[in-house]
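Computation of the quantities below employed the complete heavy-atom set of this structure, encompassing side-chain atoms and omitting hydrogens, waters and symmetry-equivalent molecules.
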Amino acid sequence: MTTHDTPHHDSPGHDASEALADRIRRAEAEGTPLRIVGGDTKTFYGRRVEGEALSTREHRGITEYDPVELIVSVRTGTPLRELEAALAANGQMLPCEPPHFGENATVGGMIATGLSGPRRPWAGSVRDFVLGTRLITRQGSEQRFGGQVMKNVAGYDLSRLMVGAQGTLGLLTEVSMKVLPLPGASRSLHLDMPLAQALTTLSEWGRQPMPITAAAWLEGALHLRLEGGPSSVAATAERLGGDELKDDFWEALREQRLAFFSAEDTRPLWRLSLPNHTPPLELPDVEETDVLYDWAGAQRWVRSGLDAGALREIVARAGGHATCLRGVSGQSVEEPFTPLAPVVEKYHRHLKAELDPQGIFNPGRLYAAF
């Protein structure tokens, strides 16, 4: 097994876990809330946190990497770009294609938010590739969970529960993940077609062995990415036709740099998560509404002034949920996430009470009460 305490391309690694643990122990003793900060590129996602900043940026470096076994372990303050560069140097990648939203994005932010890019429906989510984690608890002790290490407690898979928990259950210090080889070939296509036809066609293609790894519909056109063996990609591209699309379209979509996401658009930005093959939603024509269909329609970005309650009700009837990333004129919103069902909320409260009874870790980040 190959071990690296230094990332391949940048500054040396550093283990700051003891200093972080000391600060957490003091916070627990004093009842002082902490606002966990990595690269600070995803603060728009979720509720504002009032607390003393606890930075993970000094806790960085790849601690173990085995390209043959396709496993990497990395400290959570490590810049995401450094990890991806180290993997790319070995012809490998993070399959979930996580967004950065800025040069300073960290591995910890990727895990905390659990956000995945265009490849997610075909490759899997961030959670799917987490093997294990290290976590500093409220008592300041570092615990290991998942993978080939300590068995999870209380019936919870704590390593994967940390994905999307936004730092509300403890401080992540290290994560072990499965990685995959980079595709042998990649080609992107632009096919002019109406929305209804695009959704129907994608549903049909989903039942065929086609090398699709991204599909989005915007402004009257279906955008496709084909990845895999060179012959398979070339044959599929010839079969489908259409125009060549620059591969940087997918990065622009992932990082919200397309014109659709422009900060000059003062309408709220919503992310809708819906079951596969959900038809277009019938949204009231309160004012102009624009929709970008990602993940072959399972994820939809919406710019609209529609009332939050009305929008969430429509989405809920379709079996999905709606998250507001930016409010009017780009401002944060009071309730960005869909309220939890009572039974689910009960489990959330129980878990928070077990792991962080004083509420020192990112209090209120996910929901006001916890």
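- Under the 4.5 Å side-chain criterion, counting only non-hydrogen atoms from C-beta, R60 is in contact with E82.
- Hydrophobic clustering (side-chain heavy atoms under 4.5 Å, transitive across Ile, Leu, Val, Met, Phe, Trp, Tyr) keeps V49 apart from L34.
- The closest side-chain heavy-atom distance from L224 to L202 is below 4.5 Å.
- Residues V344 and F337 fall within the same hydrophobic cluster, defined by Ile, Leu, Val, Met, Phe, Trp and Tyr side chains chained together at heavy-atom separations under 4.5 Å.
- Inspection of the E28 and Q358 side chains reveals an N or O donor paired with an N or O acceptor under 3.5 Å.
- For P67 against Q92, the heavy-atom pair with the smallest separation is O-NE2, 2.8 Å.
- Residues W250 and A215 come closest through the heavy atom pair CH2-N, 4.0 Å.
- The minimum heavy-atom distance between G51 and R35, with the atom names listed, is O-CB, 3.9 Å.
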- Task: Before giving the answer on side chain to side chain contact (heavy atoms under 4.5 Å, CB included), spell out for R257 and E251 the whole-Å C-alpha distance, their side-chain angles and the decisive distance to 0.1 Å.
- Result: CA-CA 8 Å; R257 291 198 296 261; E251 180 179 344; 2.9 Å; yes
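- When all heavy atoms of P95 and A123 are compared, the closest pair comes out as O-CB, 3.7 Å.
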- Message: salt bridge (charged side-chain N to carboxylate O under 4.0 Å, His left out) for R303 and E288? Distances and angles first, verdict last.
- Response: CA-CA 8 Å; R303 306 291 314 229; E288 185 179 358; over 6 Å; no
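- Side chains of L94 and E84 form a contact here, defined as non-hydrogen atoms less than 4.5 Å apart.
- Using modelled atom types and a 3.5 Å distance limit, the side chains of W270 and S304 yield no donor-acceptor pair.
- Note on R119 versus E227: salt bridge recorded, some NZ/NE/NH1/NH2 to OD/OE distance being below 4.0 Å.
- By the 4.0 Å N-to-carboxylate-O rule, E345 lies close enough to R349 to be salt-bridged with it.
- Taking CD from E354 and OG1 from T137, the interatomic distance works out to 12.5 Å, rounded to the nearest 0.5 Å.
- For E30, the CD atom is densely surrounded, since the number of other residues' heavy atoms within 6.0 Å is greater than 12.
- R225 pairs with exactly one of S186, P211, P183 by the side chain to side chain contact (heavy atoms under 4.5 Å, CB included) rule, that one being S186.
- Applying side chain to side chain donor-acceptor pair (under 3.5 Å) to E174 and the options T133, T63, T76 leaves one that passes, T63.
- Every pair tested for salt bridge (charged side-chain N to carboxylate O under 4.0 Å, His left out) that includes a residue from residues 196-208 fails, sequence neighbours excluded, so the list is empty.
- Taking the six-membered ring for Trp and the full ring otherwise, the centers of W301 and F261 sit less than 6.0 Å from each other.
- Legend: residues meeting salt bridge (Lys or Arg N to Asp or Glu O under 4.0 Å) with R160, ordered by chain and number and at least two apart, are absent.
- Aromatic ring orientation, W217 versus Y293: perpendicular (interplanar angle above 60°, classes split at 30° and 60°).
- Between M177 and I71 the shortest side-chain heavy-atom distance does not fall below 4.5 Å.
- No side-chain heavy atom of D66 sits less than 4.5 Å from a side-chain heavy atom of V72.
- Between F101 and F44, the ring center distance clears the sub-6.0 Å criterion.
- One finds the CZ atom of R81 at 11.0 Å from the OG1 atom of T78 (value rounded to the nearest 0.5 Å).
- Closest of all the heavy-atom pairs between A21 and G140 is CB-O, 3.3 Å.
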- Going through the distances and angles, do R75 and E58 end up as a salt bridge (charged side-chain N to carboxylate O under 4.0 Å, His left out)? CA-CA 10 Å; R75 297 186 184 112; E58 297 301 314; over 6 Å; no
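- The main-chain N or O of A16 is found under 3.5 Å from a side-chain atom of H59 such that the two form a donor-acceptor pair.
- Side chain to side chain, D128 and S125 meet the donor-acceptor criterion of an N or O pair below 3.5 Å.
- Donor-acceptor pairing under 3.5 Å is lacking for the side chains of R47 and Q166.
- No salt bridge links R48 with E335; every basic N to acidic carboxylate O contact stays at or beyond 4.0 Å.
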- Message: Evaluate L161 against F145 for side chain to side chain contact (heavy atoms under 4.5 Å, CB included), listing each step before the verdict.
- Response: CA-CA 11 Å; L161 273 175; F145 301 100; over 6 Å; no
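- W295 has its side chain out of reach of N276: every pair of non-hydrogen atoms, C-beta onward, lies at least 4.5 Å apart.
- Salt bridge annotation for R23-E52: present, with a cationic side-chain nitrogen under 4.0 angstrom from a carboxylate oxygen.
- Few gaps surround CD on E244; more than 12 heavy atoms of other groups in view lie less than 6.0 Å from it.
- The distance from atom CG of L199 to atom OG1 of T278, rounded to the nearest 0.5 Å, is 9.5 Å.
- No side-chain heavy atom of V126 sits less than 4.5 Å from a side-chain heavy atom of R120.
- Between K352 atom NZ and Y367 atom OH the span is 13.5 Å, to the nearest 0.5 Å.
- Using a cut-off of 4.0 Å between Lys/Arg side-chain N and Asp/Glu carboxylate O, K246 and D248 are scored as not salt-bridged.
- Residues satisfying the side-chain contact (heavy atoms from CB on, under 4.5 Å) criterion with L182, sequence neighbours excluded, are M93.
- Annotation for C324 and P268: closest pair SG-CB, 4.3 Å, computed over non-hydrogen atoms.
- Note on V37 and I360: separate hydrophobic clusters, where clusters join Ile, Leu, Val, Met, Phe, Trp and Tyr whose side-chain heavy atoms are under 4.5 Å apart, directly or indirectly.
- Within 6.0 Å of atom CD in E238, 12 or fewer heavy atoms from other residues, nucleotides or ligands are found, so the atom counts as exposed in its surroundings.
- Atom CG of L292 is separated from atom CG of L272 by 11.0 Å, given to the nearest 0.5 angstrom.
- Note: F361 CZ to L135 CG = 7.0 Å, rounded to the nearest 0.5 Å.
- The side-chain heavy atoms of V233 and M210, taken from C-beta on, include no pair separated by under 4.5 Å.
- Summarising the local packing, CD of Q208 is surrounded by more than 12 heavy atoms from other residues, nucleotides or ligands at distances under 6.0 Å.
- Q143 and R134 share no side-chain donor-acceptor pair at under 3.5 Å.
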